Amino acid sequence: MIKESKTIAEVAGPLMLVRDVENASYDELGEIALPGGETRLCKVLEINGSDVLVQLFESAAGINLKESSVRFLGHGTQLRVSPEMLGRVFDGMGRPIDAGPEIIAEKKLDINGLPMNPAARDYPAEFIQTGVSAIDGLNTLVRGQKLPIFSGSGLPHAELAAQIARQARVLEGESNFAVVFAAIGITYEEADFFASDFRRTGAIDRTVMFMNLANDPAVERIATPRMALTAAEYLAFDLGMHVLVILTDITNYAEALREISAARKEVPGRRGYPGYLYTDLANMYERAGRKRGFDGSITMIPILTMPEDDKTHPIPDLTGYITEGQIILSRELYRKGIKPPVDVLPSLSRLKDKGIGKGKTREDHADTMNQLFAAYARGKECLELMTILGEAALSEVDLLYAKFSQEFEKRYVNQGYDTDRSIEETLDTGWELLRLLPRSELKRIRDEYLEKYLG
């Protein structure tokens, strides 16, 4: 039921107070009618009796208090969904911005979906190939997993996000794979980079893109990731597709949440973020996964920039609690020219053991992964010793480990943003590097695999 009110009492920045409203509900969508016939959207933030505080989606300029009116639409923000969404670009509110026609909706879904019921979850177990060796070989992504990328200001997370969106696939049922890409609070240049990159490579055909720019309203920034997840749920659980959701940048989302919380005069928590930041992020992240009885799945890669490269900042800290691991980008590797600069030692995929091995990747994957981790960690220690004590203080084996760690960064981690490596190529590259070490040092690999793959 549509409710109309003409009693706009006050407008202060992005907030507007409307009096004498009956039966409004929290998060309900409203439509402001201006004297000239223009309409703008707003959303209910707070209700006090018949007084309703709404947040404007656009500028307050031009709103005449006496001659403007508000219609409350009786529902929250909705997304029109259809199989035609694939290959299209939308703004943060789900409106097409690619000069294409309006979507003929199969259904309209409320974007405030619920986290997946733990009792209905299926355990993630199938390998997803991203084509990036540092992820596929050492911190494997599994279908239904939530694996965030922790980046820093100025690091190339946009290039890595575009690369994963282009290259990611499940090895079986490849045609049934889709990507939902949501850019939150990005600049026009970044938006243009993503859109042109996806069109250039043809990845747009299997992708649904949502673009929220830095000059768009904060309230729209809150809606964008929920739009993306609603589209993903439709593709996965209605159409039976395997969907990879990439959200960049979660830090911009959290900043918008803080801005709206401050406007509502809520008591701030850590660093000024609202006390419910953990709950809000969890509600969003936990919409990903696999459901029993459904063929489709949602795998999520949220990307966030850590303020001042601080892993203890509330946003990466809380994200790490909720998700199953993290991929960390290194400023040191970036300065060395390593692309992508993935720091494999502090990175972690908690479900990697579930998605590798015979029938999933290759029988030798687990052993080579453990050996590469151990050898790279020791090589880094040897390089540090060499810096302090000089090369002469190291044994022959230590020098081999030091050389291994340098070659590992150059040949395994460093692959550029246009190279798509299959899992076989990644594993073979690992074996090539392990040949730099004496066979007696490869203690984490079974003899049968040494015989078969070491040559």
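We number each residue from 1, following the sequence as shown. Since this is a predicted model, take the numbers as computed values, not measurements.
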Ion pair check, [X] and [Y], cut-off under 4.0 Å:
| X | Y | result |
| --- | --- | --- |
| R421 | D136 | no |
| D418 | R166 | yes |
| R169 | D420 | yes |
| R226 | D280 | yes |
| E363 | K452 | yes |
| R221 | E259 | no |
| R362 | E424 | no |
| E407 | R435 | no |

Y123 six-ring face occupied by K354 cation (under 6.0 Å, within 45°)
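Ring-cation test returns no.
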
Any chance the side chains of T323 and R350 put a donor and an acceptor closer than 3.5 Å?
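No - no donor-acceptor pair under 3.5 Å links their side chains.
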
Would you please indicate if the ring centroids of F198 and F181 are separated by under 6.0 Å?
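Ring centroids of F198 and F181 are less than 6.0 Å from each other.
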
Ring centres of F150 and H313 under 6.0 Å apart?
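No, too far apart.
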
For L41 against R95, the heavy-atom pair lying closest together
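Result for this residue pair: CD1-NH1, 4.1 Å.
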
